[in-house]
2 protein chains.
Amino acid sequence: MKDGPDIARIAALIGDPARANILTALMSGKALTATELAREAGVTLQTTSGHLAKLERGGLTRALKQGRHKYVSLADDEVARVLEALMGLAAKAGHLRTRTGPRDEALRKARVCYNHLAGDMGTRLYDRFIVRGYLGRDGESLILTGSGAAFVRDFGIDLDALDKGRAPLCRDCLDWSERRAHLAGSLGRVLLTRFEELGWARRDPATRVVHFSQSGESQFDRLVQGVT
Amino acid sequence: MKDGPDIARIAALIGDPARANILTALMSGKALTATELAREAGVTLQTTSGHLAKLERGGLTRALKQGRHKYVSLADDEVARVLEALMGLAAKAGHLRTRTGPRDEALRKARVCYNHLAGDMGTRLYDRFIVRGYLGRDGESLILTGSGAAFVRDFGIDLDALDKGRAPLCRDCLDWSERRAHLAGSLGRVLLTRFEELGWARRDPATRVVHFSQSGESQFDRLVQGVT
DNA sequence: TAAATGGTTCGACTATGGTCGAACTATGAA
DNA sequence: TTCATAGTTCGACCATAGTCGAACCATTTA
């Protein structure tokens with residue numbers, strides 16, 4: 001009965017409501033400070049401090065002390081993927097909990113998932129990149145093709161600056177609302193940033209919703225629909 | 001702070017050691033009876049009964065009453081994927097817990113993951129199918145190509161019988177020991193069954209280890225290495 | 001320096017929930 | 001029928017761990 005790694009340890013770590021709220025908040029990809037997380041989790045700062053220590057020891061989060069602030073972020077984008085997958089299960093198995101309120105609607109349409117675009121618009125972007133041959137498969141890993149690199153560069157992104165980090169450029173991430181993949185990895189991150197730069201979209205700092213302006217959304221649609 | 005589905009509920013469900021043991025045991029893909037699971041989990045039958053009720057209500061397992069026995073299995077292969085992903089995190093984050101014992105070695109080499117082959121041999125099989133063009137990508141989903149179908153049929157598998165189920169034929173599943181994908185879905189399942197039929201391999205009923213016979217392993221190697 | 005803000009540590013309280021013994025139901029075998 | 005095995009339910013016990021108040025560091029600002 002001791003097969004494989006100790007799955008209960010980290011599942012229990014995620015299983016506490018306060019910690020789950022913290023992790024969900026961190027799915028925005030932004031590094032949040034302890035007090036912000038306390039507000040998000042609905043518990044006091046002392047309690048949060050204890051939770052953060054546990055999450056860190058469990059390898060789920062990373063903390064960076066800067067001045068008198070403690071900036072916390074998810075340890076890894078694998079952690080984000082696991083959380084997203086858990087949300088998928090919860091959305092399906094959680095019986096009646098799927099009452100789609102108005103904000104829920106917005107979350108389904110476009111939200112941020114560990115710094116990249118998720119939701120309906122995220123999966124549409126991903127699909128389009130696949131169909132156009134911008135993204136390909138090399139064995140198991142996702143790669144950016146030559147034409148894809150050209151397109152991305154043309155979109156105003158400095159690819160060479162990205163390659164410096166050792167984090168994978170592309171990755172797919174299962175979307176809990178769409179139940180399909182969207183683009184993750186550093187490329188996914190920089191694309192969302194570019195959308196913000198262009199004024200197409202802005203993130204709601206409180207929720208994980210990504211708001212597109214009217215012109216931004218139409219431009220995005222044009223990008224995604226293409227001619228082919 | 002109520003964004004998305006309730007992730008803590010099911011994470012807590014997985015987070016109890018006894019329940020985690022139960023779920024891990026069910027990763028073998030076989031439907032196990034309550035007493036077997038009780039032995040596996042290391043708790044009494046009464047306790048197990050309670051756990052099983054919770055797991056079922058949480059949508060993680062399915063139960064089938066047959067005579068005076070209760071056969072329990074994982075609800076979904078999405079559940080299996082989440083568990084496998086959690087194992088990946090635990091294997092990485094779980095600091096010192098990665099002392100590779102001898103049985104652990106066998107688990108890494110070949111094990112069963114919800115009825116399909118996982119571990120080193122599973123990923124090798126998957127990679128080979130990709131390289132040979134047996135498996136392809138259609139957008140986000142994994143598909144069996146024409147040549148792949150021909151090969152599988154030639155291997156003695158009745159594909160038409162498989163298509164009847166509405167479960168996806170192919171699916172990739174992240175391997176916690178190899179940290180790469182292996183083949184899941186009904187095709188993955190039937191392939192493992194075929195290996196057993198051919199006498200190449202047999203499952204250890206107690207652990208999740210898949211034992212290959214010497215000739216079986218060499219034949220598998222030939223299958224995977226090929227000429228190309 | 002003092003005051004204020006951000007975090008941590010300690011201790012005590014409390015409750016949720018896992019655990020088992022015992023009694024009970026249900027199915028199958030003799 | 002009686003006996004045995006498989007599961008469930010109930011009740012009581014108990015431990016783990018989440019929670020906050022209070023006091024305590026640390027850093028920045030006045």
Side-chain angles (χ1 to χ4, degrees), chain A residues 1-2 6-26 30-73 90 94 205, chain B residues 1-2 6-26 30-73 90 94 205:
Chain A
M1 69 171 111
K2 281 264 182 176
D6 183 357
I7 176 182
R9 243 177 51 94
I10 50 163
L13 221 46
I14 309 176
D16 174 73
R19 284 195 296 260
N21 284 338
I22 291 176
L23 291 171
T24 305
L26 289 176
K30 291 171 58 174
L32 297 178
T33 167
T35 18
E36 290 171 322
L37 289 174
R39 199 174 45 79
E40 204 71 32
V43 291
T44 61
L45 182 58
Q46 313 97 296
T47 311
T48 305
S49 180
H51 285 316
L52 290 180
K54 287 183 183 175
L55 287 174
E56 210 173 330
R57 287 188 52 198
L60 294 183
T61 61
R62 299 165 52 99
L64 177 67
K65 233 176 243 171
Q66 217 167 73
R68 58 180 165 180
H69 293 275
K70 178 184 196 172
Y71 288 99
V72 180
S73 50
Chain B
M1 68 174 108
K2 281 262 181 175
D6 183 357
I7 177 182
R9 243 177 51 96
I10 51 162
L13 221 44
I14 309 175
D16 174 72
R19 283 195 295 259
N21 284 336
I22 290 176
L23 291 170
T24 306
L26 289 176
K30 290 172 57 173
L32 297 177
T33 167
T35 19
E36 290 171 322
L37 288 173
R39 199 173 46 78
E40 204 70 31
V43 291
T44 62
L45 183 57
Q46 313 98 293
T47 311
T48 305
S49 180
H51 284 318
L52 290 181
K54 287 184 182 175
L55 287 174
E56 211 172 328
R57 287 188 53 198
L60 294 183
T61 61
R62 299 165 52 99
L64 178 66
K65 233 176 241 170
Q66 216 166 74
R68 58 178 165 182
H69 292 276
K70 177 183 195 171
Y71 288 100
V72 180
S73 50

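Given the structure is predicted, the values throughout are model-derived calculations rather than measurements.
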Under 4.0 angstrom between Thr44(B) side-chain N/O and dC20(C) OP1 or OP2: yes
Within the structure shown, what part of the strands sits under 4.0 Å from Ala53(A) by heavy-atom distance: base, sugar-phosphate, or nothing? nothing
Without decimals, in angstroms, what is the distance between Leu52(A) CG and dG6(C) P? 15 Å
Separation of atom CG in Asp16(A) from atom P in dA15(C), rounded to whole Å: 17 Å
Base, sugar-phosphate or nothing for Thr35(B)? Non-hydrogen atoms, less than 4.0 Å. sugar-phosphate
Between NZ on residue Lys54(A) and CG on residue Asp16(A), distance to nearest 0.5 Å: 8.0 Å
Which nucleotide wins on minimum distance to the side chain of Thr47(A), given the candidates dT19(D), dT9(C), dG17(C)? dT19(D)
Nearest-Å distance for atom pair NZ/P, residues Lys70(B) and dT27(C): 14 Å
Once you round it to whole Å, what is the distance between P of dT9(D) and CZ of Arg57(B)? 12 Å
Nearest nucleotide by nearest heavy atom, which residue falls closer to the 5' end of DNA chain D, Gln46(A) or Arg19(A)? Arg19(A)
Let's see if you can work this out: which of dG7(D), dG18(D), dT19(C) has an atom nearest to the side-chain heavy atoms of Ala34(B)? dG7(D)
From CD1 (Ile22(B)) to OG1 (Thr48(B)), nearest 0.5 Å: 5.0 Å
May I have the distance from His69(A) (atom NE2) to dT8(C) (atom C1'), rounded to whole angstrom? 16 Å
Measure the CD1-CG distance between Ile7(B) and Leu23(A) for me, rounded to the nearest 0.5 Å. 6.5 Å
Give each protein N/O atom lying under 3.5 Å from an N/O atom of nucleotides 1-5 of chain C, with the pair distance.
residue : atom : partner  : partner atom : Å
dT5(C)  : O2   : Arg68(A) : NH1          : 3.0

Rounded interatomic separation in angstrom, taking CG from Leu37(B) and C1' from dA6(D): 13 Å
Can you check the Lys54(A) NZ to dT9(C) P distance for me, whole Å? 13 Å
If you measure from CD1 on Ile14(A) to OG1 on Thr24(A), what distance do you get to the nearest 0.5 Å? 9.5 Å
Whole-Å distance, Leu45(B) CG to dT5(D) C1', equals 10 Å
Interatomic spacing from CZ in Arg19(A) to OG1 in Thr61(A) - rounded to 0.5 Å: 11.0 Å
Under a 3.5 Å distance rule, please check whether Ser49(A) uses its side chain to pair with a backbone N or O of Leu45(A) as donor and acceptor. no
Supply the atom-to-atom distance Leu55(A) CG to Leu26(A) CG, rounded to the nearest 0.5 angstrom. 8.5 Å
